[in-house]
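We use all heavy atoms of the structure for the numbers below, so side chains are in, but hydrogens, waters and symmetry mates are not.
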Amino acid sequence: MKSLILTILFALLSIGTFAQKNNFQLSSHILDVSKGLPVSGVKIKLEKFNKQSKICSFVDEKNTDSNGRISDFLPSEKDNLGIFKLTYYTSDYFKKTI
């Protein structure tokens, strides 16, 4: 189970880079590598890390589409410098597939 989650996260990092829209700076993509299919309806929370307070603050939260993608995190017109954190709520998906 742990290796499957790590595989999904590595896939997200490599595939997500090529999936974002031009007017957004961050995208994400979830694939179930055991089935070779995208995972839809998974909530992903985006937070920004504050170096002074050492706390992450909420930026946005979205669900993956039918292709397992969220392609519109972080609009380009904003100042998006910094460290961001994505939290993937995959527990419900894995509970359904067992």
Test log, rule side-chain contact (heavy atoms from CB on, under 4.5 Å), inputs Tyr93 and Asp32: CA-CA 10 Å; Tyr93 172 75; Asp32 183 334; 2.3 Å; yes
Straight-line distance of [X] [atom1] to [Y] [atom2], nearest 0.5 Å:
X	Y	atom1	atom2	answer
Cys56	Asn50	SG	CG	9.0 Å
Phe73	Ser27	CZ	OG	9.5 Å
Ser57	Lys85	OG	NZ	11.0 Å
Thr90	Lys96	OG1	NZ	11.5 Å

Close side-chain approach of Leu86 to Leu26, heavy-atom, < 4.5 Å: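 They are in side-chain contact.
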Under 3.5 Å donor-acceptor, Lys54 side chain and Lys51 backbone: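 Yes, Lys54 side chain to Lys51 backbone: donor-acceptor pair under 3.5 Å.
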Main-chain N/O of Asn67 paired with Asp65 side-chain donor or acceptor, under 3.5 Å: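 Yes; judged by distance alone, with no hydrogens or angles, the pair exists.
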Pairs under 3.5 angstrom only: tabulate donor-acceptor contacts from the side chains of residues 37-46 to other protein residues two or more places apart or in another chain.
residue	atom	partner	partner atom	Å
Lys45	NZ	Tyr89	OH	3.3

Same apolar cluster (I L V M F W Y, side chains within < 4.5 Å links), Phe49/Val59: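 Not linked; separate clusters.
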Heavy-atom closest pair, residues Phe84 and Asn80: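 Scanning both residues completely, I find the closest heavy atoms to be CE1-O, 3.2 Å.
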Nearest heavy atoms of Thr87 and Glu47, plus distance in Å: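 The pair with the smallest heavy-atom distance is OG1-OE1, 3.9 Å.
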